[in-house]
Amino acid sequence: MRRTEPEGTPSTTPLLQACGVTKRYGSFTALNAVDLTVEAGRTVSIVGESGSGKTTLARILVGLERADRGTVLHRGRPVRGRRARREFQRSVGMVFQDPYESMDPRMTIGEVVAEPLRAHGLHGRDGERRIRELLDSVGMEGAEPDAYPHQFSGGQRQRVCIARALATDPELVICDEPTSALDVSVQAQILNLLLDLQRERGLAYLFITHDLDVVRRISDEVDVLFRGDVVERGSAEKVTRTPEHAYTRKLLDALPADSPRDRRIGSPIA
Ligand code: ADP
Ligand code: MG
């Protein structure tokens, strides 16, 4: 426990851990005893083809869905019970795949961004200023908080969703294929924004994607999910350069032969 450590000793307790998370839909096993660790300030990617269980895992981790078995630990403590769940939900943001579907089209973008603040009773007197700051921080300096989502492009809408994910000042953001519904020309901009925000705020990311090319540019660790099982895990370098599992090799074979080593991503994406 952190409290018993001598002062000055850095904590090694992971920010987030999943232990043996299992989920079934009827007789179908969507997740089979999945373990996962995210350290503070790091990027862990979960990669796997469509249907492998990535979104189900993300939804369980943020409490949108219940696991049949297994535990989620936040800084070493089980996220169990109302209070622990609320506290955890405040420290984690979520960015979904489709920026339009993940917001209410009848709400203004200011209301969208303020949603988590209201949910956690943080929308105080300086609420309007906070919304402005959040929009500015995602490159939406010119945007009116009173405007509606349909007035913006897909990339701008995803920026609004990222601002919403940052509203409670989380230490972890779970991104579920945040660029796959966007035009290719916009994908690199959104990835670069996420990298900038990580550097500025020391965020940890759990980054879900089916694209190993993106994985090798942005992540520290990779977990390869195949039909609900983690079949391979390791550093991004190792998993993408010398994959051990045939499934990982298959994912890699679908990619262009070469890609830049730089973590910053040129536009448009290769
Ligand atoms: P991914 O995000 O990797 O594409 P999902 O987590 O969305 O995969 O889905 C994993 C599997 O679980 C899929 O086969 C999907 O059909 C199934 N599944 C997901 N949600 C449900 C649900 N609510 N009811 C039944 N099956 C589901
Ligand atoms: Mg999914």
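Order of appearance sets the numbers: ligands from 1, and atoms from 1 within every ligand. If you're wondering where the values come from, they're calculated on a predicted model, not measured in any experiment.
Ser52 and Glu49 share no donor-acceptor pair across their side chains, judged by distance under 3.5 Å alone. Side-chain contact of Thr209 with Glu177: a donor-acceptor pair under 3.5 Å is absent, judged by distance alone. No hydrogens or angles considered: a donor-acceptor pair under 3.5 Å links the side chains of Arg164 and Ser102.
Between Glu171 and Arg90, no side-chain nitrogen of the basic residue sits less than 4.0 Å from a carboxylate oxygen of the acidic one, so the salt-bridge criterion is not met. Ion pair Arg249/Asp253 not flagged as a salt bridge, since none of the NZ, NE, NH1 or NH2 atoms sits closer than 4.0 Å to an Asp/Glu carboxylate oxygen. Ionic pairing of Glu133 and Arg130 is present here: one or more N-O contacts between side-chain nitrogen and carboxylate oxygen are shorter than 4.0 angstrom.
Distances from atom 15 (C) of ligand 1 to the protein include no heavy-atom value under 4.0 Å. Remark: atom 7 (O) of ligand 1 lies closer than 4.0 Å to at least one protein heavy atom.
Under a 4.0 angstrom heavy-atom cut-off, Glu177 registers as lying outside contact with ligand 1. Taking 4.0 Å as the cut-off, Gly53 counts as a neighbour of ligand 1 on heavy-atom distance.
When hydrogens are left out, the protein atom nearest atom 19 (C) of ligand 1 is Tyr25 CE1, 3.5 Å; that is the closest non-hydrogen contact. Among all protein heavy atoms, the one lying closest to atom 5 (P) of ligand 1 is Thr56 OG1, 3.6 Å. Nearest protein heavy-atom contact of atom 12 (O) of ligand 1 is Phe28 CE2, 3.5 Å. Of the protein's non-hydrogen atoms, Gly51 O, 3.4 Å is the one closest to atom 10 (C) of ligand 1.
In summary, the atoms of ligand 1 found under 4.0 Å from a heavy atom of Ser50, numbered by their order in the structure, are 4 (O). Close approach of ligand 1 to Glu49 is summarised as follows: ligand atoms under 4.0 Å from at least one heavy atom of the residue are 3 (O).
Considering both main-chain and side-chain atoms, Thr55 comes within under 3.5 Å of ligand 1 through a nitrogen or oxygen pair.
Within a 6.0 Å sphere centred on CD of Glu200, heavy atoms belonging to other residues, nucleotides or ligands number more than 12.
Residue contacts with ligand 1 for Ala30 involve side-chain atoms from C-beta outward but no N, CA, C or O (heavy atoms, distance under 4.0 Å).
None of the N, O or S atoms belonging to Thr56 lies under 2.8 Å away from the Mg ion (ligand 2).
Each of Ile174 and Tyr205 belongs to its own hydrophobic cluster when Ile, Leu, Val, Met, Phe, Trp and Tyr are linked at side-chain heavy-atom distances under 4.5 angstrom.
Between Asp176 and Val95, every side-chain heavy-atom pair lies at or beyond the 4.5 Å cut-off.
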